[in-house]
Every structure is written in C-alpha cells, then in structure tokens.
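Reading through the structure tokens given below for one structure.
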Amino acid sequence: MFKNYLKVAWRNLVRQKIYSTINIAGLTIGITACILISLYVLDEFSYDRYHVNADRIYRVTRDFKSDDGSVSLALGHVAPPFGPLIEQDFPDIEKVARVLNTQVLVEDKEQQKAFNEKRVYFAEPNLLDIFTIPMLKGDGKKALTEPYTLLMSDAMAEKYYPGADPVGKVLQVFSKYSVKVGGVYKAFPANSHMHPDFLVSFNTLADTAIYGAKQLATNFGNNSFGTYLLLPKNYPAQNLQAAFPAFLDKHLGGSDHARARKPSEFTTLHLQKVTDVHLRSHLDSEEEPNGDIKTVMILSAVALFILLIACINYINLCTARSTSRAKEIGIRKVVGAHQQTLVGQFLMESILVAILSTILALGLAEALLPWLNNFTGKTLELDLFSRPYLLGIIVLLPLVIGGMAGLYPAVYLSKFRPVLVLKGSLSSGARNPFLRKTLVVAQFSISIVLIIATGVISQQLNYMQNKALGFDKERLVVFNFDNGLTDKYDAFRNDLVASANIQNVGRSLLVPSNRLLNSMGASVLRGDSLQGTNLAIRFVNVDHDLFQTYGVKLVAGRNFLKDHPTDTASFILNESSVRMIGWKSPQEAIGQVFKYGDTKGHVIGVVRDFHFESMHEAISPMVYLLPPNNRNYSNITVKFKGDPQEALAHIQATWKKFLPSTPFEYQFMDDMFGKLYEAEVLKQQIFTIFAAIAIFIACLGLFGLASYTAEQRTKEIGIRKVLGSSVREIIMLLSKDFALLVIIAIALASPIAWYSMDRWLEDFAYRVPLNWSTFILTGLIAMTIAMLTVSFHAAKAAFLNPVKALRTE
C-alpha cells in the first residue's frame with residue numbers, strides 16, 4: 001500500500017511539472033528561511049549555557065534611584081567591596097568571584113612585540129570554579145592567586161608565542177609592570193557574554209600604584225567590577241535578593257546624609273542569571289554588546305509566518321488544481337476506494353513534496369550559511385549529526401509540514417461525489433471559496449506587516465543617522481590618550497597642529513558615542529545655603545581645546561582658559577543642566593555658586609545641548625570639568641582637513657616620535673556613531689529580506705488562486721465575450737475580487753503594524769512620527785504586486801477563444 005502511494009505520488013509530481021515546481025519552490029524557500037532563522041535563534045539562546053553550573057551562576061547588578069523612585073542608572077557592574085561582603089554575610093553561597101575589564105598595553109620586550117589589548121580582565125581564582133574554563137597548560141588556580149601572574153587564552157598564546165610554550169614567559173603591562181604567564185586556557189566560546197583574552201590575578205590590583213587594597217575594600221563609588229556568584233543547588237535566589245536592602249543599609253549606612261535617605265532607598269542590588277545576560281540584559285554597563293530577546297522572538301515569529309505562508313500556498317495550489325483530479329477521484333471511488341485511502345494518497349503526495357523541499361532547503365541553507373555568518377557576525381554551522389535535537393527537527397519537519405499543508409486538500413478532494421464528478425457536474429469545487437480567500441488575506445496581511453515594519457525601521461534609521469547632533473562629527477579621528485604623553489602633551493600637540501592638515505586637537509575623558517555613566521552629587525546656592533539638585537548630572541573631563549575641536553558652541557559665558565589656573569574649580573554646564581536646575585536662562589547661570597562632588601566653585605560657561613549618546617537616550621544634564629595637573633584623560637580627538645590619508649600619516653608619525661613602542665590605533669567619529677545603530681541596521685536588513693520572501697511566497701499563493709478562479713469561470717468568460725465584453729472588462733472582472741482581498745489584508749495589517757511599530761519606537765528618546773504615507777505606500781506596493789500576479793491568468797483567460805471556452809462544458 002505504502003509503495004503504491006509513493007509510486008502514484010511521484011507520477012503525479014512528474015506529470016504536473018509546473019504545478020509541482022511552484023509547490024516545491026514555495027516550500028523550499030519557506031523551509032530554508034525557517035532553517036536559517038532557527039540556527040540564529042538557537043545560537044542566541046545558547047549563550048553561557050555551556051558552563052557546567054550554568055543554572056546556578058548569577059551576576060550581581062546595581063541600580064541607582066532618583067528621589068521619585070525611578071531608576072536613573074542601571075549597571076551590570078558593582079563596587080569592589082560588595083563581593084567579599086556578600087561572601088561574608090551570606091556563607092551559604094558556594095563561590096564569589098570579581099573581575100575587572102581594562103584596556104592595557106601588553107609588551108613582550110624580548111620579542112619586541114606590543115599590542116593594545118582591550119579584553120584584559122583582572123580575575124579572582126574562584127572564577128575558574130564558577131565558570132567552565134578548560135585549562136590547557138599550567139596551574140590556573142595558582143596563577144590567579146599569586147600577584148603579577150596571568151593566564152592567556154590559546155588564541156593569545158598563538159599571537160604572542162606561535163608554536164612555543166608561553167608558560168613562564170614574562171610580559172609587561174601598563175608599560176612598567178612585569179607579569180609572568182602562569183598558564184593557557186581555552187578561549188571562551190562565541191556564545192559567551194564576555195571573552196577575556198587575558199586573566200590577570202586579582203591580587204595584582206592590591207598594588208597602590210595600580211588600584212590599592214584600601215580602594216578595593218572601601219570604594220563603593222567605582223562600579224566597574226563584574227561580580228559573579230555560584231549558588232548551591234536548589235538555593236532560593238529570591239531569598240538572597242530579598243536580603244539585599246538590609247545588607248546595603250548595614251554596609252552603606254550614612255552615605256547619603258544630604259538627602260536623608262537610607263542607602264537601600266537610593267541604590268539597590270539585584271541577582272541576574274548568567275544565562276539571561278545576553279538576551280535579557282540591557283543595562284547601562286555590560287561586558288559586551290548583548291543580543292535582544294525581542295529581536296529573537298520577532299525572528300522566530302517571522303520564521304513561523306513564512307513557513308505558514310508556504311503551507312497556505314500549498315493548500316491554495318492543491319485546491320486550485322482540484323478539477324484536474326476530479327475524474328481520477330471519481331473513478332477511484334467507483335472501483336471501491338475508501339475516503340481514508342484517498343486521504344492517505346493525497347497526504348503521501350504532500351509529504352513527498354515536503355521531503356523534496358526539505359532536502360533542497362538543506363542544500364540551499366548550507367550554501368547560504370557563509371552569507372548568514374557574514375551578515376550576523378556569527379560562525380553558525382548546519383552540523384546535524386553533532387546536534388541530535390536539530391537532526392530530529394529536520395527529520396520531523398517534512399512530516400509536520402506535509403501533514404499540516406496536505407490534510408485539508410486531502411480531506412477536501414476525497415469528499416468529491418463520484419456521480420457528479422463523472423457526469424462533469426462538479427459544483428463542490430466552487431462551493432466554499434471562503435477558506436482559500438481567507439488564507440490569501442492572511443498571507444498578504446503578514447507580508448504587509450513586514451513591509452510596513454521595514455519602512456518604519458528604515459525611516460527611524462535614516463533619522464538617527466542624519467539628524468543634526470549639535471556638533472560636527474565629520475573629519476574627527478579619535479585615539480587613546482596614553483599616560484606616556486602626560487608630561488609632554490603640549491609638545492605632542494604642537495607637532496600635530498604644525499601640519500596644514502590638522503585643524504585642532506582636544507582631550508577628554510569620554511568622547512561622543514560613549515555611554516555617560518559617571519555622576520556625582522551636585523548642589524547650588526539657594527538663599528544662604530547650598531542645596532542638592534536631586535539630579536543625576538553626568539560629568540566629562542575636557543581640556544581647553546575640546547569644544548573648539550568638536551565645534552560645540554557656547555551660548556553663555558566662556559570656555560576654560562590655559563592662563564586661568566582657578567578654572568580647575570570652575571564648571572561649564574549644558575543647556576539641559578541649566579533648565580533642570582531651574583535657572584531661567586544660560587546667562588543667569590553664569591557666576592552661580594555650584595558644587596559638584598567635593599569641588600566648589602562657579603559656573604563660567606554654558607554650552608549648547610548636543611547628542612553625546614545615541615538617539616535611544618535623551619540628552620542628559622551634563623557638567624564639564626577641567627582636571628588639575630593635566631591628568632585624568634582617556635581620549636585625544638583630532639579635527640583634520642584636506643586629505644584624510646595625509647592627516648592620518650602625520651598623526652601616526654607624530655605618535656611614533658613620542659611613543660615609538662606603543663601601537664597607534666584610531667577610529668573615525670562618524671564610524672563610532674554608526675556602530676551605535678548596528679542593531680537597527682541588522683533589523684532593517686532582516687525585515688527587508690524576509691518581507692521580500694513573504695510577499696514572493698504569498699504571490700505564488702495568489703497565482704494559484706487566480707489559476708483556480710480562471711479555470712472555474714472559463715464558461716462564464718466565453719459567454720461574456722460572445723455577448724460583447726471586451727478584454728479589458730474581463731480582466732477587470734477577474735481582478736476585482738483579488739483587489740478586494742488585498743484591500744481587506746491592508747485594513748487588517750495596518751492597525752497591527754501601527755501598534756507594533758509604535759511599541760518599537762518607544763525605545764528611542766528621539767523618534768520619527770508614524771506617518772500614514774508609509775501605510776498608503778505599502779498598500780499601493782502590495783496592490784501593484786498582487787495585480788501584476790493576477791494579471792497573467794486574467795489576461796490569459798480574457799484572450800481565450802470563446803468557442804473553446806464554451807466547449808469546456
């Protein structure tokens with residue numbers, strides 16, 4: 001029986017080549033899209049699950065609150081004393097480990113190699129017990145216990161000591177500390193929320209010149225330390241979370257006298273599963289840029305929708321071809337075939353189509369994997385045999401798709417009445433067009449939602465990329481301020497500006513596109529006393545030349561001046577600070593007494609608001625400080641003119657003159673801002689691709705329904721032509737029903753798309769308005785595509801000889 005089913009199914013596929021090709025093509029495209037999206041989604045969900053104790057690892061995070069209770073700052077890092085204090089106060093916790101990421105110049109003096117390494121982590125030895133970090137050489141625990149010792153990843157071992165054993169070798173960090181290599185570990189896999197290249201013993205930080213043991217024990221303000229906990233099995237993490245307020249009040253008591261609030265009222269600690277970090281954590285400080293659970297869920301829905309559209313397409317094409325199978329069904333029933341037998345036959349055909357489509361989709365997905373990896377920045381593989389669950393899904397996929405897509409056509413076709421069929425009076429095929437039309441509406445509704453989403457994302461992306469930032473980001477190059485320049489910066493700057501290609505040079509702690517996380521308490525003079533502003537005013541250290549370098553305008557007062565040594569106790573605010581403090585104008589702010597942190601002075605200038613961060617964030621109130629002793633800078637920004645290559649060559653030559661052994665690395669400011677919107681660019685590209693796939697498959701379904709309708713109305717068309725109807729009138733007659741279906745789809749899709757995109761735009765402080773023109777344009781595009789699809793069959797039927805049309809009866 002099964003062999004016969006298979007033989008008949010294959011013969012039908014071969015006999016109806018065009019019909020079979022359309023069916024297989026639609027399902028192949030749908031399954032390919034589903035496989036590729038599934039690989040991406042499964043990889044996103046796999047982050048940090050490779051750890052043996054992944055279900056018991058938590059990260060401690062910290063929030064800061066405004067007076068109204070709202071969170072003003074949410075950090076994935078905490079202050080260094082919290083780790084030991086948590087371990088001390090909660091002895092049930094198995095392990096606690098702290099890490100600190102920093103950028104370090106790593107040198108091998110013997111080989112004369114030097115690299116700026118951005119992923120150097122100071123780490124406590126317990127990290128090896130909490131995380132799964134396979135050691136390849138050396139004693140990891142010993143290396144992370146002794147000061148001035150480090151572990152390096154196998155990738156770094158090959159970079160610094162290709163083909164040699166690095167254990168026992170000595171590297172220099174911070175240009176003056178010798179650190180011994182104590183071992184090599186296997187590099188963290190791609191699906192990890194952090195990727196340390198070096199793990200330096202945490203005890204090294206006890207050196208006062210690097211950080212200091214006292215700072216590690218008492219500094220609750222430097223929230224730069226990742227802190228990880230390993231909880232016992234079945235330990236109720238919520239109980240530990242509930243104990244944190246009392247813990248904070250105990251150890252931070254009296255730290256907010258100015259506001260008369262308990263510590264737990266202005267700051268809170270939270271526990272976060274390490275497996276939630278990549279997809280569900282979007283804090284103001286993270287180890288690396290994370291993924292987004294919303295994007296993953298949207299992609300999962302898109303994959304299911306595309307597969308659903310492909311199955312709908314199959315159903316429409318099967319029912320559209322029903323009359324061509326009518327006599328076959330009638331004869332089979334007359335000679336004794338039962339309905340169950342016919343259902344089995346048609347299901348076998350649909351499963352065979354699904355199997356062929358799946359095989360083709362696997363080949364197509366394998367061919368497209370390099371493109372997908374380049375597109376997403378991942379290293380995905382379609383390795384079925386190493387992942388049994390994925391192999392099981394692929395094996396079951398044809399059965400599920402074949403059954404889902406073929407069940408309705410099988411039952412529908414098997415119900416044809418043989419007497420009517422053999423008489424040529426098959427009315428059952430036209431009796432219930434509602435389902436087919438509903439499915440077409442569903443197809444186009446999904447496609448229209450995707451097209452609208454693509455349009456809105458494109459508009460928002462274009463808005464963010466082209467909106468005036470309040471400063472000129474063009475022709476700005478940024479590089480690190482090296483400590484070796486501190487005492488000879490003036491000579492370095494003079495050499496830079498000696499070139500006609502260099503317009504200006506400035507220093508700062510942060511540069512635009514960086515996150516603003518640093519703030520201290522601010523007070524202003526009200527009446528006879530200083531009163532707290534209750535504002536989270538962010539600060540940035542700048543020098544005398546920075547505003548001119550960026551083209552930032554002062555709206556009141558003056559800039560910092562080199563011949564005013566008291567300017568280190570003066571402040572420049574932005575317009576948002578002035579407005580939120582309550583001064584009526586920038587001019588009124590000039591000369592006002594202002595205290596920030598421990599420094600008391602006067603406001604000497606107000607700069608125009610500009611976008612320091614991305615469009616996701618509202619412009620923050622800011623204060624600009626001139627640090628004493630020409631220190632506490634991290635970046636140098638150069639404004640150049642003329643040929644960029646000549647300017648860069650001069651900058652690099654000047655750098656090598658003053659820092660001959662330090663690598664020169666730079667970024668362009670416009671590229672730095674571009675990276676802020678990489679997620680939006682990716683979403684735009686994804687929606688564009690899958691909207692195109694969805695509309696293509698939907699058009700195949702519409703093509704099938706148009707074929708079915710033209711076939712059913714052949715006699716009617718012949719009569720109308722005999723009675724004098726023109727070709728144009730017949731095309732309009734056959735097209736109007738489909739136009740109505742598309743209009744219904746537009747009406748259903750528009751509010752869904754409006755709601756979804758309005759919610760998405762809420763993530764941006766600065767956003768485009770939802771414009772009806774986008775929806776109207778999308779409707780016109782959908783209508784045009786649909787009418788072009790239908791017009792082929794409509795024109796074919798309209799040009800048919802009426803004599804042949806009337807003979808179809």
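Just so it is clear, the values below take in all heavy atoms, side chains as well, and ignore hydrogens, waters and symmetry mates. Worth saying up front: this structure is predicted, and the values here are computed from it rather than measured.
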Nearest 0.5 Å please: distance from the CG atom of L369 over to the CG atom of L39.
-> 6.0 Å
Answer with yes or no whether the side chains of S224 and H77 bring together a donor and an acceptor at under 3.5 Å.
-> no
Give me the one residue out of F547, F594, F539 that meets ring pair (Phe, Tyr, Trp, His ring centres under 6.0 Å) with Y624.
-> F547
In Å and rounded to the nearest 0.5 Å, what is the CG to OG1 distance from L496 to T654?
-> 4.5 Å
Least distance between heavy atoms, V542 atom then L626 atom = O-CD1, 3.3 Å
Would the F122 and F198 ring centres measure less than 6.0 Å apart?
-> no
Take atom CD in Q112; do more than 12 heavy atoms of anything else shown fall under 6.0 Å from it?
-> no
What about Y228 and H193, are their ring centers closer than 6.0 Å?
-> yes
Validate the cation-pi geometry between R507 and Y489: distance from NZ or CZ to the six-membered ring centre under 6.0 Å, angle to the ring axis within 45°.
-> yes
Ignoring hydrogens and geometry, is there a side-chain-to-backbone donor-acceptor pair from N541 to N632 under 3.5 Å?
-> yes
Taking the six-membered ring for Trp, are F115 and Y160 ring centroids under 6.0 Å apart?
-> yes
Is it true that Y550 and F471 have ring centroids separated by less than 6.0 Å?
-> yes
I636/V478 under side chain to side chain contact (heavy atoms under 4.5 Å, CB included): CA gap, chis, key distance, verdict | CA-CA 6 Å; I636 298 175; V478 178; over 6 Å; no
Does N462 have any side-chain contact (heavy atoms from CB on, under 4.5 Å) partners at least two apart in sequence or in another chain, and if so, which?
-> N466
Ignoring hydrogens and geometry, is there a side-chain-to-backbone donor-acceptor pair from D609 to G470 under 3.5 Å?
-> no
Are more than 12 heavy atoms from other residues, nucleotides or ligands located less than 6.0 Å from atom NZ of K159?
-> yes
Between F481 and F479, does the ring centroid distance fall short of 6.0 Å?
-> no
Could you give me the CA-CA distance, side-chain angles and deciding distance for F673 and F668, then say whether ring-ring contact (aromatic ring centres under 6.0 Å, His included) is met?
-> CA-CA 9 Å; F673 264 91; F668 288 108; over 10 Å; no
Please walk me through it: do V181 and V170 pass side chain to side chain contact (heavy atoms under 4.5 Å, CB included)?
-> CA-CA 6 Å; V181 178; V170 175; over 6 Å; no
Is there a side chain to side chain contact (heavy atoms under 4.5 Å, CB included) between L171 and E107 once you walk through the steps?
-> CA-CA 6 Å; L171 294 170; E107 300 174 88; over 6 Å; no
Shortest non-hydrogen separation from Y211 to L205 and the atoms involved = CB-O, 3.3 Å
Quick one: do the D108 and Y161 side chains pair a donor with an acceptor below 3.5 Å?
-> yes
Report yes or no: do N480 and Y666 form a side-chain donor-acceptor pair below 3.5 Å?
-> no
Just wondering, are more than 12 heavy atoms of other shown residues or ligands nearer than 6.0 Å to NZ in K488?
-> yes
Hey, is CD on Q685 packed in by over 12 heavy atoms from elsewhere, all under 6.0 Å?
-> yes
Which residue, I651, L648, N501, forms the side chain to side chain contact (heavy atoms under 4.5 Å, CB included) with V638?
-> I651
Pairing of E286 and R59 as salt bridge, 4.0 angstrom limit | yes
Row check, Y40 ring normal vs K378 NZ/CZ: under 6.0 Å, within 45° = yes
Exactly one of N635, N514, T549, D543 clears side chain to side chain contact (heavy atoms under 4.5 Å, CB included) with S508, and that residue is N635
Flag yes if more than 12 heavy atoms outside D598 fall under 6.0 Å of its CG atom; otherwise flag no.
-> no
Derivation of the side-chain hydrogen bond (donor to acceptor under 3.5 Å, both in side chains) call for S46 and N191 | CA-CA 6 Å; S46 73; N191 57 343; 3.1 Å; yes
With distance as the sole criterion, is a donor-acceptor pair present between the side chains of R579 and N574 under 3.5 Å?
-> no
Are F640 and H650 near enough that their ring centres are under 6.0 Å apart?
-> no
Under a 4.5 Å cut-off applied to non-hydrogen side-chain atoms, are V505 and T637 in contact?
-> no
Carboxylate-amine/guanidinium contact D671 K473, below 4.0 Å = no
Measuring from K294:NZ to D763:CG, what's the distance to the nearest 0.5 Å?
-> 4.5 Å
Around K467, counting heavy atoms of other residues, nucleotides and ligands shown, do more than 12 lie under 6.0 Å from its NZ?
-> yes
Mind listing the closest non-hydrogen atom pair of A143 and L151 along with its distance?
-> CB-CD2, 3.4 Å
Does N223 have any side chain to side chain donor-acceptor pair (under 3.5 Å) partners at least two apart in sequence or in another chain, and if so, which?
-> R62
Test item: E680 side-chain N/O and L461 main-chain N/O as donor-acceptor pair under 3.5 Å = no
Output the distance between atom CD (Q684) and atom OG (S458), rounded to the nearest 0.5 Å.
-> 3.5 Å
Specify the closest pair of heavy atoms between S178 and Y148, including all atoms of both residues, with the distance to one decimal.
-> O-CB, 3.7 Å
Identify, with sequence neighbours excluded, every residue that meets side-chain contact (heavy atoms from CB on, under 4.5 Å) alongside S519.
-> R538, Y596
Relative to F664, does K656 satisfy both conditions: NZ or CZ under 6.0 angstrom from the six-membered ring centre, and within 45 degrees of the ring's axis?
-> no
Does atom CD of E617 have more than 12 heavy-atom neighbours from other groups under 6.0 Å away?
-> yes
d(I572 CD1, L546 CG) to nearest 0.5 Å is 10.0 Å
At what distance, to the nearest 0.5 angstrom, does NE2 of H282 lie from CD1 of I293?
-> 8.5 Å
Centroid-centroid distance, H616 to F764, less than 6.0 Å | yes
Are D472 and K639 close enough for a salt bridge, meaning some N to O gap below 4.0 Å?
-> yes
Distance-only polar pair, side chains of S513 and E613, donor-acceptor under 3.5 Å | no
What pair of heavy atoms forms the shortest contact from N222 to P80, and how long is it?
-> O-CD, 3.3 Å
Determine whether the side chains of N373 and T379 contain a donor N or O and an acceptor N or O closer than 3.5 Å.
-> no
Over 60° means perpendicular and under 30° means parallel, so classify the ring planes of W371 and F375, tilted if in between.
-> parallel
Are the side chain of D154 and the backbone of A187 linked by a donor-acceptor contact shorter than 3.5 Å?
-> yes
So, are K118 and D197 salt-bridged, with charged N and O less than 4.0 Å apart?
-> no
NZ of K113: more than 12 outside heavy atoms within 6.0 angstrom?
-> yes
Heavy-atom pair with the smallest gap, counting every atom of H278 and N290 = O-CB, 3.0 Å
